[in-house]
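Remarks on the structure that follows.
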Amino acid sequence: MSKYLIVATHPDDETLGAGGLILRKKAEGNEVYVLNMTHMDVAYGYKEDRVARRNNEIETMIKHYNLDGYYNLKLKPSGIDSYLEGDILQKISSVFNEIKPNVIILPYHKDVHSDHRVTFDLCYSCTKSFRYPFIRKILMMETISETDFAIADYTFKPNYFVDISEYIDKKVDIAKIFNGEILEHPFPRSERNIRAYGTTRGAMIGVNSAEAFVLVKAIE
């Protein structure tokens with residue numbers, strides 16, 4: 001059994017990038033956790049009813065995945081770079097040391113959204129083997145509507161794949177929990193596009209549906 005930690009910059013990123021992996025690893029008897037970085041809050045200009053809906057969406061998502069733990073730093077969306085780096089690093093390190101994950105999945109380091117890039121940089125700083133020896137594998141995930149907008153020299157080139165053929169339908173159902181984030185095609189975060197990504201990545205490894213990652217480091 002292994003412990004997996006998926007770092008989501010925003011709620012729904014864990015599903016878009018690694019929802020199938022989460023479902024498969026849970027079915028195989030592993031522990032799976034999510035660390036979420038940003039969150040809607042009235043202090044950030046969001047209306048109370050929208051914050052309440054988002055909280056309900058998150059709780060529903062947690063139940064559908066049967067996560068072993070969900071950590072929410074509740075930072076300001078599109079504003080992670082406005083915080084003191086040391087303060088956020090301390091919070092991330094605390095979560096890492098509490099869970100002691102064997103596998104960590106991070107946003108792609110060249111995603112177009114600055115929150116994603118900052119999240120990667122901060123979390124990667126907390127993966128040094130002499131301080132976090134329990135981390136044995138680090139992956140970067142592909143987030144629809146962010147990773148696909150990276151400029152040419154930094155396009156996502158996956159070298160690690162997970163067969164999610166048995167889980168693509170449930171991944172789509174969970175993505176739909178986030179009302180307002182999953183819209184109709186040709187919007188990038190649509191059911192049609194989520195399935196298309198699964199089909200494309202699956203064809204690369206000879207299965208019906210897959211999720212793709214970049215392997216940053218693996219220790220055997």
Side-chain angles (χ1 to χ4, degrees), residues 5-19 22 32-65 67-99 101 104-127 140-151 171 173-184 187-191 193-194:
L5 173 62
I6 292 83
V7 179
T9 309
H10 313 95
D12 83 344
D13 286 349
E14 78 292 317
T15 298
L16 294 173
I22 294 172
V32 181
Y33 302 81
V34 170
L35 167 60
N36 182 68
M37 300 292 286
T38 67
H39 191 68
M40 292 180 177
D41 193 288
V42 292
Y44 302 147
Y46 294 93
K47 295 182 178 180
E48 289 186 5
D49 62 332
R50 185 65 190 95
V51 174
R53 289 201 307 273
R54 175 46 55 88
N55 289 336
N56 183 64
E57 290 165 358
I58 291 172
E59 288 299 320
T60 303
M61 176 271 292
I62 292 170
K63 291 177 182 177
H64 276 69
Y65 282 128
L67 294 176
D68 294 280
Y70 186 85
Y71 298 77
N72 196 346
L73 298 191
K74 298 185 177 181
L75 305 176
K76 183 179 180 180
S78 300
I80 297 180
D81 55 359
S82 66
Y83 294 86
L84 290 176
E85 185 176 292
D87 291 344
I88 304 178
L89 283 172
Q90 186 176 17
K91 294 178 180 180
I92 294 170
S93 178
S94 177
V95 172
F96 282 18
N97 280 309
E98 181 175 335
I99 298 172
I104 289 183
I105 301 175
L106 303 176
Y108 185 54
H109 67 140
K110 293 298 182 180
D111 277 357
V112 70
H113 200 308
S114 60
D115 276 355
H116 286 231
R117 298 194 303 272
V118 174
T119 294
F120 173 85
D121 290 340
L122 290 170
C123 291
Y124 192 61
S125 296
C126 295
T127 64
M140 293 188 295
M141 63 184 176
E142 180 176 37
T143 307
I144 296 173
S145 79
E146 302 297 347
T147 308
D148 42 336
F149 281 95
I151 62 175
K171 170 178 175 170
D173 288 342
I174 294 174
K176 290 178 179 178
I177 290 170
F178 294 95
N179 187 32
E181 301 294 339
I182 309 301
L183 304 179
E184 293 298 318
F187 188 69
R189 295 190 301 276
S190 66
E191 175 179 349
N193 205 29
I194 293 171

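- In this structure the side chain of F96 reaches within 4.5 angstrom of the side chain of L5, judged on heavy atoms.
- The two atoms that bring Y124 and L106 nearest to each other are N-CD1, 4.2 Å, heavy atoms only.
- D121 places no side-chain N or O within donor-acceptor distance of the main-chain N or O of V118, the cut-off being under 3.5 Å.
- The two atoms that bring S78 and D115 nearest to each other are N-OD2, 2.5 Å, heavy atoms only.
- No hydrogens or angles considered: nothing links the side chains of H64 and D173 as a donor-acceptor pair under 3.5 Å.
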So Y65 and V32, side-chain contact (heavy atoms from CB on, under 4.5 Å) or not? Walk me through it.
CA-CA 9 Å; Y65 282 128; V32 181; over 6 Å; no
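- Contact annotation: the side chain of R54 approaches that of E181 to within less than 4.5 Å [non-hydrogen atoms, C-beta and beyond].
- Considering all non-hydrogen atoms of both residues, V34 and A8 come closest at CG1-CB, 4.4 Å.
- In this structure, the side chains of D12 and R189 come closer than 4.5 Å at one or more pairs of heavy atoms.
- Within the 4.5 Å cutoff, no side-chain heavy atoms of S190 are placed close to those of E184.
- Remark: the backbone N or O of K76 is paired with a side-chain donor or acceptor of Y83 at under 3.5 angstrom.
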Worked check of side-chain contact (heavy atoms from CB on, under 4.5 Å) between I6 and I22
CA-CA 9 Å; I6 292 83; I22 294 172; 3.8 Å; yes
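- Rounded to the nearest 0.5 Å, atoms SG (C123) and CE (M140) are 13.0 Å apart.
- By the ring pair (Phe, Tyr, Trp, His ring centres under 6.0 Å) test, Y71 pairs with no residue at all, sequence neighbours left out.
- Here CG of L16 is found 7.0 Å from NZ of K171. Values are rounded to the nearest 0.5 Å.
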Does the side-chain contact (heavy atoms from CB on, under 4.5 Å) test come out yes or no for H113 and S145, once each step is laid out?
CA-CA 9 Å; H113 200 308; S145 79; over 6 Å; no
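- Closest approach of K110 and A150 over heavy atoms only: O-CB, 3.6 Å.
- The two residues E191 and I182 make their nearest non-hydrogen contact at N-CG2, 4.0 Å.
- Between atom CD1 of residue I104 and atom OG1 of residue T127 there is a gap of 6.5 Å, rounded to the nearest 0.5 Å.
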Apply the test ring-ring contact (aromatic ring centres under 6.0 Å, His included) to residues H109 and H116: give CA-CA distance (whole Å), side-chain angles for both, the deciding distance (0.1 Å), then the verdict.
CA-CA 7 Å; H109 67 140; H116 286 231; over 10 Å; no
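- The closest side-chain heavy-atom distance from M61 to F178 is below 4.5 Å.
- Using modelled atom types, one finds no donor on one side chain facing an acceptor on the other under 3.5 Å when comparing T143 with D13.
- M37 has its side chain within reach of I92: a pair of non-hydrogen atoms, C-beta onward, lies under 4.5 Å apart.
- A heavy-atom distance below 4.5 Å is found between the side chains of T119 and V7.
- Side-chain atoms of I80 and I88, non-hydrogen and from C-beta on, do get closer than 4.5 Å to each other.
- In this structure a side-chain-to-backbone donor-acceptor pair under 3.5 Å is missing from N56 to A52.
- Checked by atom type, the side-chain pair H10/N36 shows no donor-acceptor distance below 3.5 Å.
- Using modelled atom types, one side-chain atom of N193 and one backbone atom of P188 make a donor-acceptor pair closer than 3.5 Å.
- The CD1 atom of I174 sits 10.5 Å away from the OG1 atom of T60 when rounded to the nearest 0.5 Å.
- Y44 and T38 are not linked by any side-chain donor-acceptor pair at a separation below 3.5 angstrom, with hydrogens and angles left out of the test.
- To the nearest 0.5 Å, the span separating CG on D111 from OG1 on T9 amounts to 7.5 Å.
- The distance from the CZ atom of R53 to the NZ atom of K47 is 9.5 Å, given to the nearest 0.5 Å.
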